[in-house]
> 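Below: one structure in structure tokens.
The shown structure was predicted, so the numbers you read here are calculated from the model rather than taken from an experiment.
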Amino acid sequence: MKPASPKIKVCGLTQTYQAHSLTDSGIDFLGFIFYEKSPRFVLNSLSLKEIAEIPHLKKVGVFVNEELDKIVEIANDAHLNLIQLHGDEERKFIIDLKTKSGKNIEIIKVIRIANQNQKELQNVISQFSETPDYFLFDTDSSAFGGTGKTFDWRILNQIEIPKPYFLSGGISFENIGEIKTIIQKPFALDINSKFEIEPGIKNLDKIKSFQNTLRNHDL
């Protein structure tokens, strides 16, 4: 029996019609960036009410070193289902956030991959082993993601990953086959800049083609 393909998260959405189209096409997670320095900062384009009205059950809010109460407020007003922490948030912050946001909100903790060795990376993961619901591994950058650059996925084979994880950072048609080299397969693939016409404007045809490719790929 063919194993289930990884789920897909489309991140950096800024257009209501695109969020609705991706919902209709069965994309598993929709990502909205609440980081003002990002070129995909969603509140430049959409209101919290407009995000709340998007009929998707896995809406992800991406935050970078934001105040806890502000995250909770936005999550409530935008009807978010998951909170992705992409900054330097520590373990206690996540515990407090889970307490304040309630049981229905899931937490994704991003681990940014730079030049860490196996031991350094394992130590970072161990700090958060029990607190988030998911990890997300992304290429480190001063812009906190969206670079289109891929880290060396082979390092994931050197560590123990105690939670399901999202794989991010430059995922495209060209490197999808390399996922075969990862022993513990990603729960989901996080796609963004490689599937855009311009920052925040997605190429919906390309995403649909990627969906079909992923379904038919033996990973």
> Would Lys109 and Phe135 count as a cation-pi pair here, with the cationic atom under 6.0 angstrom from the ring centre and within 45° of the axis?
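Judged by the rule (NZ or CZ under 6.0 Å from the ring centre, within 45° of its axis), Lys109 is not positioned above Phe135.
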> Can you tell whether the side chains of Glu196 and Lys206 come within less than 4.0 Å, N to carboxylate O?
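Judged by the 4.0 Å cut-off on N to carboxylate O distance, Glu196 and Lys206 do not form a salt bridge.
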> Fit a plane to each ring of Phe187 and Tyr134, take the angle between them on a 0 to 90° scale, and name the class: parallel (under 30°), tilted (30 to 60°) or perpendicular (over 60°).
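Phe187 vs Tyr134 ring planes: parallel.
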> Considering non-hydrogen atoms only, spot the tightest contact between Ser101 and Ile83 and give its length.
CB-CD1, 4.4 Å
> Donor-acceptor check, side chain of Ser45 to backbone of Gln15, threshold 3.5 angstrom: yes or no?
no
> So that I can tick it off, tell me whether Lys98 and Asp133 are bridged by a salt bridge, with the cut-off set at under 4.0 angstrom between side-chain N and carboxylate O.
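Salt bridge present between Asp133 and Lys98.
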> For Lys59 versus Ile51, what's the shortest heavy-atom pair and its separation?
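Scanning both residues completely, I find the closest heavy atoms to be NZ-O, 2.9 Å.
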> Between Lys194 and Glu174, is there a side-chain N and carboxylate O pair less than 4.0 Å apart?
no
> Would you mind checking if Lys7 and Asp190 are paired as a salt bridge, meaning a charged N to carboxylate O distance below 4.0 Å?
no
> Do you know the tightest heavy-atom contact between Glu130 and Lys163?
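Closest approach of Glu130 to Lys163: O-NZ, 4.0 Å.
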> Keeping the roles fixed (side chain from Arg40, backbone from Tyr35), state whether a donor-acceptor pair exists under 3.5 Å.
no
> Taking all atoms of both residues into account, what is the closest heavy-atom pair of Ser168 and Leu136, and its distance?
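Ser168 and Leu136 have their closest heavy atoms at CB-CD2, 3.6 Å.
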> For Ile207 and Lys202, which heavy atoms make the closest approach, and how far apart are they?
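Answer, listing the atom of Ile207 first, then Lys202: CD1-CB, 3.8 Å.
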> Is it true that Asp69 and Lys100 have a side-chain N and a carboxylate O under 4.0 angstrom from each other?
yes
